[in-house]
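Everything below concerns the one structure shown next.
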Amino acid sequence: MTIRVTVWNEFRHEKDTKHPASTLYPNGLHVPIVSYLQAKGLEAYAATLDEPEHGLTDAVLANTDVLTWWGHMAHGEVSDKTVDKVQARVLEGMGLIVLHSGHHSKIFRRMLGTTANLKWREADERERIWVVERGHPIAEGLGEYITLDKEEMYGEVFDIPAPDELVFVSWFEGGEVFRSGCCWNRGRGRMFYFRPGHESFPTYHNPEILQVIYNAVRWATPHSFAPTPVVNVKQSLEQISPKEPVAD
Ligand code: ZN
């Protein structure tokens, strides 16, 4: 089965000719991600905020195994109806990968139930992303760490529920640390948050970063599921023995 990925991008900074993102990603920062996933043999398509229904129609969502999400300046413009539909699909089993400033997206906060607030600074500083779970499929093929010469700093405390699995921890030149690769299970779905990806830097042209996204897509792809459990159980599996009435 070919994995079907929808790469969602807000796609606003890149259209501002005065913003560095317009030079780094002239057709949108989703393009290098889509191209990389396609080159790896996945069926990958882009969807963006300004398309009808933000590009996430019922048909698109029904045919998506894994959705990746990048947003920053226009989180509030994503309709609650779309957030409801994406949440329902994750609970049914669709994978969700939230990238960088997507930490403040409606869907990420909805799935986690916390503010997802964090510390941040734009100072062109070095980031070293350490692999802390060496056997995890999302770390497959990586070395001990990934170095990015210039990134935005995100620091703890990151207001999230403790991740079910923590794959990466970032160190920043200025001294902060951050849980930068976090996995959660929600319903039948798997979620992964991956920190790097500030729009003013060429992070999504970095092959190691793209490999992590590819690994995460494979990890989050729905596999076979247990059947939907019966919730109103009239017949017990074992015979329940009659009990003597308890004396007052
Ligand atoms: Zn940023």
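Values below: every heavy atom of this structure, side chains too, minus hydrogens, waters and symmetry copies. In each ligand, atom 1 is the first atom listed, and ligand 1 is the first ligand listed.
- For the pair R195 and Y154, the distance from NZ or CZ to the six-membered ring centre is under 6.0 Å and the angle to the ring normal is within 45 degrees.
- H104 and N117 form a side-chain donor-acceptor contact under 3.5 Å, judged by distance and modelled atom types alone.
- Taking 4.0 Å as the cut-off between side-chain N and carboxylate O, E151 and R126 do not count as a salt-bridged pair.
- Ion pairing between E176 and K119 fails under the 4.0 Å rule for side-chain N and carboxylate O.
- Side-chain polar atoms of H198 and E122 form a donor-acceptor pair below 3.5 angstrom.
- Between W69 and W8, the two ring planes are parallel [angle under 30°; tilted spans 30° to 60°].
- Protein atoms of type N/O/S that fall under 2.8 Å from the Zn ion (ligand 1) number 3 in this view.
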